[in-house]
Amino acid sequence: MASLKESKFSEERMHKGIQNGTSPGQWGRAWEVDWFSLASVILLLTFAPFLVYYFIMSCDQYHCSLTEPVIDLLMGNVRLSDIWSKTSSLSWKAANIYIIWVTFQVILYMIPDFCHKLLPGYVGGVQEGALTPAGTINKYEINGLQAWIITHALWLANVYYFHWFSPTIIFDNWIPLLWCTNILGYAISTFAIIKAYFFPTNANDCKFSGNFFYDYMMGVEFNPRLGKWFDFKLFFNGRPGIVAWTLINLSYAAKQQELYGQVTNSMILVNVLQGIYVLDFFWNEAWYLKTIDICHDHFGWYLGWGDCVWLPYLYTLQGLYLVYHPVQLSTANAVGILLLGLVGYYIFRMTNHQKDLFRRTDGNCKIWGKKPEYIECSYTSVDGTKYYSKLMTSGFWGVARHFNYTGDLMGCLAYCLTSGFDHILPYFYIIYMTILLVHRCIRDEHRCFSKYGKDWKRYTTAVPYRIIPGVF
Ligand code: NDP
C-alpha cells in the first residue's frame, strides 16, 4: 500500500509540475517538442508502415531476404510497380475476418471476468490503475486471461471438431489482413485525436504539445474511454494484438504442416516460448496496469497503430520465416535455445515479481530467503512536502538496475535463434527490443534521477550496471 500511496503522490507531483511549468521532463517524454523529437516523429509516421510492408513483402516475394528486393531494384531487374502489382490487395474475405475478429474481442472485453473465481492466485476482476495527473484513479475490468482462454478454446474446437475455417487462415490472408490492420490503426489514432479535442474522457488529463504531428503520434488523452469500461489503452495494448500473437503462431505451424507434412522443432519452440510470454502477460494483467505503458504514455498513433499493426506483424516474424525456411534444429541446439528462453523468462518474471513484492510489503518480505537490502530515499513535492521511498539493492535488483530487461532480451534472443543464421529478418526482433529497452532504461533513469536526486546516485553506486553486469 505504501508504494501505491507513493506512486499516487509522484503522479500528483508531476501533474502539479506540468501545470506550473516546472519539472516538465518527469512525464518521461519531451514537453517542449525539440527538432530532434519532431524529426523522429515524422520519420516514424512516414516510414514505419513501409517498414512493416517491406518485411512482409520480402517474405511473400523474396523468401524473407531483406537484401534481394533492394538489389533487384538497384539492378533494374524489377520496378517498384512490379513489386506492388504482385502484392495481394485488400479483399472482402480479409475484411470480414478482421471485422469478426475485432468485434469478438470487443465482446470478450466487455464480459466480466470469471477466471479469478476459478484460478487460485490469479488477480482479475475490477482493479485500480495509478492516479492520473488529473487526480483520477481509473478502474479496469481485468479479463485478458479469460479472453485468451475462450479464443484459443474456440480455435482448437474449430481445428479438431467444427472445421468452419482452415487453421492456416491467418497466414493465407496475411497481406490482405495487413491493409485491414492499418485501416483500424489509422482510424483509431485519428479518432483518438478528434476525441481529445472535442469530447475527451477527462479534459484535465489531456496534454497538447502545440505540435500536431507530435500529438498525433504520442497521443493527447491519457486514458481515453468510451462509456465506463471501454478503455482504449487496455483494449488495444492487449487485444486484438497480443491475443492474436499466439493464434498467428499456430496458423504458421498449421501452414508448415500443410506444406511439408510436419511441424519443425524450431516452430514448436517459437510457439511454446512466445506462448509462455503471452500467457504471462495475461496472467499478470493487473500488474501491467502499473507499468510505464499504462502509467506514463498517452494514447496516440504510437500505441494505437503500434498495437494494431507493428506488434502482430513484427513480433511474429520468426514463425513467418519458419514457414518459408523450415529449420529443423539438432537436439542439442533445440535444448540450448529452450533453456535460454526459459532462463530468460524466469529472470524476467522473478525480477518483476521481486520489485512488486518489495513495494507492496514496504520491504517486509523475503527476497532469496533473506530480508531485502535497500537504500532509503526521499523526494520532495513542488509544495515542499518530503516523501520517503525505498530502492532495493538485493535479489535481482542488486545484480543490475534493470535485470528484468535482461531476462526479456534473453527470451527475445532465444526466439530469434530458432531460425538459424541464413537471414537477418528473424533477428529484427532482438535488434528492435534492444533499442526499445535501452532507450526505455535511459528514459526511466532520467526520470528516477530527477525524482530521487543524490539518493539515486547512491543507488547507482551500489548497483553500478544497468542491464548487463560488468558491461552496461
Ligand atoms: P520497471 O518495471 O523496470 O519499473 C521501473 C520503475 O521501478 C522505476 O521507474 C522506479 O519507479 C522503480 N524502481 C527502479 N529501481 C528500483 C529498485 N531497485 N527497487 C524498487 N523500485 C525500483 O519498468 P517497465 O514498465 O519498463 O517494465 C516492466 C516489464 O515490461 C519489463 O520486464 C520489461 O522487460 C517489459 N516490457 C516489455 C515490452 C515488450 O514489448 N515486450 C515493452 C516494454 C516493457 P519509482 O518511481 O516507483 O521508484
Side-chain angles (χ1 to χ4, degrees), residues 2-11 13-14 26-28 130-131 237-238 241-242 245 274 277-278 280-281 284-285 287-297 302-303 306-307 310-312 314-316 344-363 365 367 372-379 387-412 415 429-430 432-453 455-456 458-460 462-463 466-467:
S3 73
L4 178 63
K5 260 194 222 144
E6 185 236 77
S7 89
K8 278 178 192 170
F9 172 72
S10 82
E11 302 284 350
R13 180 169 73 108
M14 285 189 270
Q26 289 178 359
W27 267 126
L131 189 83
N237 261 348
I242 301 189
W245 188 345
Q274 296 190 347
Y277 194 78
V278 168
D280 176 275
F281 174 85
N284 294 294
E285 204 179 11
W287 156 83
Y288 180 68
L289 297 177
K290 304 287 161 60
T291 62
I292 292 173
D293 286 352
I294 298 277
C295 293
H296 299 292
D297 290 336
Y302 171 75
L303 287 180
D307 294 330
W310 185 270
L311 190 153
L314 297 189
Y315 282 28
T316 58
Y345 169 72
Y346 175 79
I347 293 174
F348 160 83
R349 172 52 31 225
M350 288 315 293
T351 312
N352 286 323
H353 170 71
Q354 285 180 355
K355 190 189 79 176
D356 188 44
L357 181 68
F358 173 76
R359 281 287 172 92
R360 256 191 299 118
T361 58
D362 196 24
C365 58
I367 301 290
E373 292 162 23
Y374 52 83
I375 286 179
E376 294 271 9
C377 48
S378 64
Y379 53 98
Y387 287 80
Y388 295 92
S389 184
K390 295 181 173 76
L391 292 166
M392 184 164 42
T393 53
S394 61
F396 282 121
W397 293 86
V399 179
R401 301 200 293 271
H402 267 103
F403 215 53
N404 48 352
Y405 292 180
T406 317
D408 207 345
L409 290 175
M410 285 167 70
C412 299
Y415 313 155
Y429 190 56
I430 181 71
Y432 162 74
M433 284 299 286
T434 305
I435 296 169
L436 178 92
L437 292 179
V438 168
H439 178 248
R440 202 172 166 102
C441 174
I442 292 167
R443 252 190 334 150
D444 186 53
E445 298 220 334
H446 178 72
R447 192 183 71 81
C448 287
F449 178 64
S450 41
K451 181 174 177 181
Y452 298 120
D455 290 333
W456 183 255
R458 281 168 53 221
Y459 172 56
T460 57
V463 187
R466 293 181 178 100
I467 294 179

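Remember, it's 1-based here, ligands and their atoms both numbered in the order they're listed.
- With a 4.0 Å heavy-atom cut-off, ligand 1 is reached by the side chain of His402 but not by its N, CA, C or O.
- With a heavy-atom cut-off of 4.0 Å, Phe396 does not touch ligand 1 at all.
- Of the inter-residue distances, the one linking Cys412 atom SG with Met433 atom CE reads 4.0 Å to the nearest 0.5 angstrom.
- Proximity of Asp444 to ligand 1, defined as any heavy-atom pair under 4.0 Å, is confined to the side chain (atoms from C-beta onward).
- At a 4.0 Å heavy-atom cut-off, ligand 1 touches Met392 through backbone and side chain alike.
- At a heavy-atom cutoff of 4.0 Å, ligand 1 is contacted by no atom of Phe403, backbone or side chain.
- Residue-ligand proximity, Tyr277 to ligand 1, at heavy-atom distances under 4.0 Å covers atoms 37 (C), 39 (C), 41 (N).
- In this structure, the side chain of Arg359 engages the main chain of Lys390 through a donor-acceptor pair within 3.5 Å.
- Between Tyr452 and ligand 1, at least one N/O pair is under 3.5 Å apart.
- By the 3.5 Å distance cut-off applied to N or O atoms, Asn404 is counted among the residues near ligand 1.
- Residue contacts with ligand 1, taken as heavy atom pairs separated by less than 4.0 Å, do not involve Tyr374 at all.
- Checked by distance only, ligand 1 and Trp456 stay at 3.5 Å or farther apart across all their nitrogen or oxygen atoms.
- Side-chain N or O atoms of Ser389 include none that pairs as donor or acceptor with a backbone N or O of Cys377 at under 3.5 Å.
- The closest approach between a heavy atom of Tyr315 and any atom of ligand 1 is below 4.0 Å.
- Distances from atom 18 (N) of ligand 1 to the heavy atoms of Tyr288, Phe281, Tyr405, Tyr459 show the closest one on Tyr459.
- Contacts between Asp408 and ligand 1, counted as non-hydrogen atom pairs separated by less than 4.0 Å, involve the side chain only.
- Residue-to-ligand polar distances keep Trp287 apart from ligand 1: every N/O pair is separated by 3.5 Å or more.
- No donor-acceptor pair closer than 3.5 Å links the side chain of Thr291 to the backbone N or O of Trp287.
- Looking at ligand 1, you'll find an N or O of Lys355 within less than 3.5 Å of one of its N or O atoms.
- At a heavy-atom cutoff of 4.0 Å, ligand 1 is contacted by the side chain of Cys448 but not by its backbone.
- Contacts between Val463 and ligand 1 below 4.0 angstrom, taking non-hydrogen atoms only, are absent altogether.
- Phe281 has its ring centre no less than 6.0 Å from the ring centre of Trp245.
- Qualifying ring-ring contact (aromatic ring centres under 6.0 Å, His included) partners for Phe396, counting only residues two or more places apart in sequence or in other chains: Trp368, Phe403.
- Residue contacts with ligand 1 do not include Arg401, since none of its heavy atoms lies under 4.0 Å from the ligand.
- Between the Asp408 side chain and the Phe348 main chain, no donor and acceptor come within less than 3.5 Å of each other.
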From CA spacing to verdict: side chain to side chain contact (heavy atoms under 4.5 Å, CB included), Ile430, Tyr415: CA-CA 9 Å; Ile430 181 71; Tyr415 313 155; over 6 Å; no

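- For Tyr345, there are no ring-ring contact (aromatic ring centres under 6.0 Å, His included) partners two or more places apart in sequence or in a different chain.
- Residue Val399 comes nearest to Val463 through the heavy atom pair C-CG1, 4.3 Å, listed as atom of the first residue, atom of the second, then distance.
- Taking every heavy atom of Arg440 and a limit of under 4.0 angstrom, the matching atoms of ligand 1 come to 24 (P), 25 (O), 26 (O), 43 (C), 44 (C).
- Counting heavy atoms closer than 4.0 Å to ligand 1, residue Leu436 contributes side-chain atoms (C-beta onward) but none from N, CA, C or O.
- Within the model, atoms CZ of Arg401 and CG of Asp444 stand 10.5 Å from one another, a figure rounded to the nearest 0.5 Å.
- Using a 4.5 Å cut-off on side-chain heavy atoms (C-beta onward), Leu391 and Trp397 make no contact.
- Of the N and O atoms on the side chains of Asn284 and Asp280, at least one donor lies less than 3.5 Å from an acceptor on the other residue.
- Between Trp397 and ligand 1, no N or O atom pair is found at a separation short of 3.5 Å.
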